[in-house]
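Worksheet for the structure shown next.
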Amino acid sequence: MRILISGICGFVGSWLARGLREAEPTWEIFGFDNFVREGSEVNRAALREMGIKVHHADLRAASDLEALPAANVVIDAAANPSVLAGVDGKSSSRQLLEHNLGGTINLLEYCRRHSVAFLLLSTSRVYSVPGMSAVPVRVQGQRLVPEIRECVTGLSERGFAEDFSTVPPLSLYGSSKLASEILALEYGSVFQFPVWINRCGVLAGAGQFGRADQGIYSFWLHSWKARRPLRYLGFGGHGHQVRDALHPLDLIPLLRKQIAATTHTGERITNVAGGVANSMSLAELSAWAEDRWGPHEVIRDGTERPFDLPWIVLDSTRVQETWGWSVQTPLTKILEEIAQHAETHPHWLSLTGG
Ligand SMILES: NC(=O)c1ccc[n+]([C@@H]2O[C@H](COP(=O)([O-])OP(=O)(O)OC[C@H]3O[C@@H](n4cnc5c(N)ncnc54)[C@H](O)[C@@H]3O)[C@@H](O)[C@H]2O)c1
């Protein structure tokens with residue numbers, strides 16, 4: 001089996017490459033990256049030492065992909081993954097779409113040419129921002145919890161399910177991923193290759209590159225340890241907003257099953273996320289950090305930001321039923337892993353664009 005991973009030197013791509021190498025030592029794992037993400041360079045040597053070939057290629061350049069060897073399966077882990085991308089002044093909207101949507105098209109052309117399966121890492125950000133904002137929430141201890149009084153399709157106390165609204169606005173990032181999903185399903189159907197779409201919530205673990213808008217758990221703990229300024233933004237400045245978290249290695253058993261499936265059985269779009277049990281608010285995360293490293297001031301700043309949401313937890317019931325998948329790594333273990341990384345890499349944030 002030959003597995004091609006795009007964005008292989010990114011946070012998720014590199015974890016998946018290492019995880020698959022360990023789970024399936026006889027498989028050939030290779031991939032490519034254009035190293036646009038600050039910090040991705042640090043993974044190149046370690047992957048090579050594991051016998052994983054890393055090509056330097058840009059998803060936006062069709063000719064770069066034409067030069068790559070054939071694989072049996074493509075895992076797409078290359079994107080600009082920030083919900084503020086294209087509107088934050090750091091990247092233009094065109095750049096975002098060229099990476100996230102144009103890049104998917106080039107990968108789908110690769111899959112068509114070689115007749116190989118396509119696994120897309122998608123996101124909770126495909127769900128409607130007004131829809132998710134409209135969920136009533138109340139404060140319970142240090143966090144917000146949903147107060148579901150009426151029936152809304154795809155919403156329960158377990159989180160947002162796959163049939164929750166995807167009507168824009170979603171953010172440019174979310175729209176680029178939703179459009180990628182649609183094109184992937186279309187290509188798979190027209191050109192007869194398997195397509196699996198995994199909508200992930202927050203993925204978290206050691207080695208995540210440091211930015212608040214992408215990788216909040218890692219950013220927060222590294223910042224606390226380094227006594228860098230931190231802010232509770234929006235929602236009254238209390239830090240009660242909640243996210244679930246999943247370790248990227250928890251995706252491995254699912255990906256192995258999807259790779260082994262040669263025909264489509266069951267659902268092709270599934271949420272794969274930490275869920276309620278693996279969720280936390282920023283204020284709870286601060287309490288965890290304070291326990292470990294002592295106090296650090298967090299500035300309360302109620303300024304609202306575009307696309308910010310009080311409670312994002314995904315309901316992964318469908319993937320449990322379809323693939324027998326479940327969360328393996330509890331949130332406490334993820335936090336411990338990140339904390340140890342922060343203790344051994346005190347300059348991580350400045351090395352990785354934080
Ligand atoms: N991290 C999360 O919480 C999360 C959650 C849901 C979905 N995802 C998805 O997982 C994937 C990986 O996210 P991540 O957190 O590892 O991001 P990341 O920024 O750490 O990694 C992305 C990698 O892709 C590379 N890349 C970007 N554009 C490229 C291009 N044009 N050509 C070649 N390489 C390119 C970057 O250099 C980087 O190494 C993304 O598709 C993202 O949408 C991530």
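Counting starts at 1 for both ligands and their atoms, following the listed order.
Remark: distances from the non-hydrogen atoms of Ser14 to ligand 1 are all 4.0 Å or more. Ligand 1 is never approached by Arg125 to a heavy-atom distance shorter than 4.0 Å. Residue-ligand proximity: Gly201 is placed with a non-hydrogen atom under 4.0 Å from ligand 1. Ser6 does not count as a contact of ligand 1, since none of its heavy atoms falls under 4.0 Å from the ligand. Within the structure, the closest approach of Ala77 to ligand 1 falls below 4.0 Å when heavy atoms are considered.
In the candidate list Tyr173, Phe32, Phe11, Tyr217, Tyr173 is nearest to atom 43 (O) of ligand 1, counting heavy atoms. With atom 26 (N) of ligand 1 as the reference point, the heavy atom nearest to it among Val12, Asn34, Leu65, Asn106 is part of Asn34.
With hydrogens and angles disregarded, a donor-acceptor distance shorter than 3.5 Å links the side chain of Thr352 to the backbone of Gly210.
Between Leu255 and Trp196 there is no side-chain heavy-atom pair separated by less than 4.5 Å. Counting only heavy atoms from C-beta outward, the side chains of Val116 and Leu4 never approach each other to under 4.5 Å. By the 4.5 Å heavy-atom criterion applied to side chains, Arg199 and Glu181 are counted as neighbours. Arg44 has its side chain within reach of Glu41: a pair of non-hydrogen atoms, C-beta onward, lies under 4.5 Å apart.
Ligand 1 has a nitrogen or oxygen under 3.5 angstrom from a nitrogen or oxygen of Asp58. Checked against a 3.5 angstrom limit, the closest N/O atoms of His99 and ligand 1 fall inside it.
Listed by number with element, the atoms of ligand 1 under 4.0 angstrom from any heavy atom of Val36 are 26 (N), 27 (C), 28 (N), 36 (C), 37 (O). Within ligand 1, the atoms closer than 4.0 Å to a non-hydrogen atom of Cys9 are 39 (O), numbered from 1 in the order shown. Which parts of ligand 1 touch Gly7 is read off a 4.0 Å heavy-atom cut-off, strictly below it: atoms 23 (C), 24 (O), 25 (C). Atoms of ligand 1 lying under 4.0 Å from any heavy atom of Phe209, numbered from 1 in the order shown and given with element: 20 (O). Near Ser40, meaning under 4.0 Å from any of its heavy atoms, are these atoms of ligand 1: 37 (O), 39 (O). Annotation for ligand 1: atoms under 4.0 Å from non-hydrogen atoms of Gly10 are 20 (O), 21 (O), 23 (C), 38 (C), 39 (O). With ligand atoms numbered from 1 in the order given, ligand 1 contributes 32 (N), 33 (C) to contacts under 4.0 Å with heavy atoms of Ala57. The Phe35 neighbourhood of ligand 1 comprises atoms 37 (O), with distances under 4.0 Å to a heavy atom of that residue.
In Glu186, the CD atom is not crowded: 12 or fewer heavy atoms of neighbouring residues, nucleotides or ligands sit closer than 6.0 Å.
Residue Gln208 touches ligand 1 through its side chain alone, judged by heavy-atom distances below 4.0 Å.
In this structure, Tyr127 has its ring center at least 6.0 angstrom away from the ring center of Trp311.
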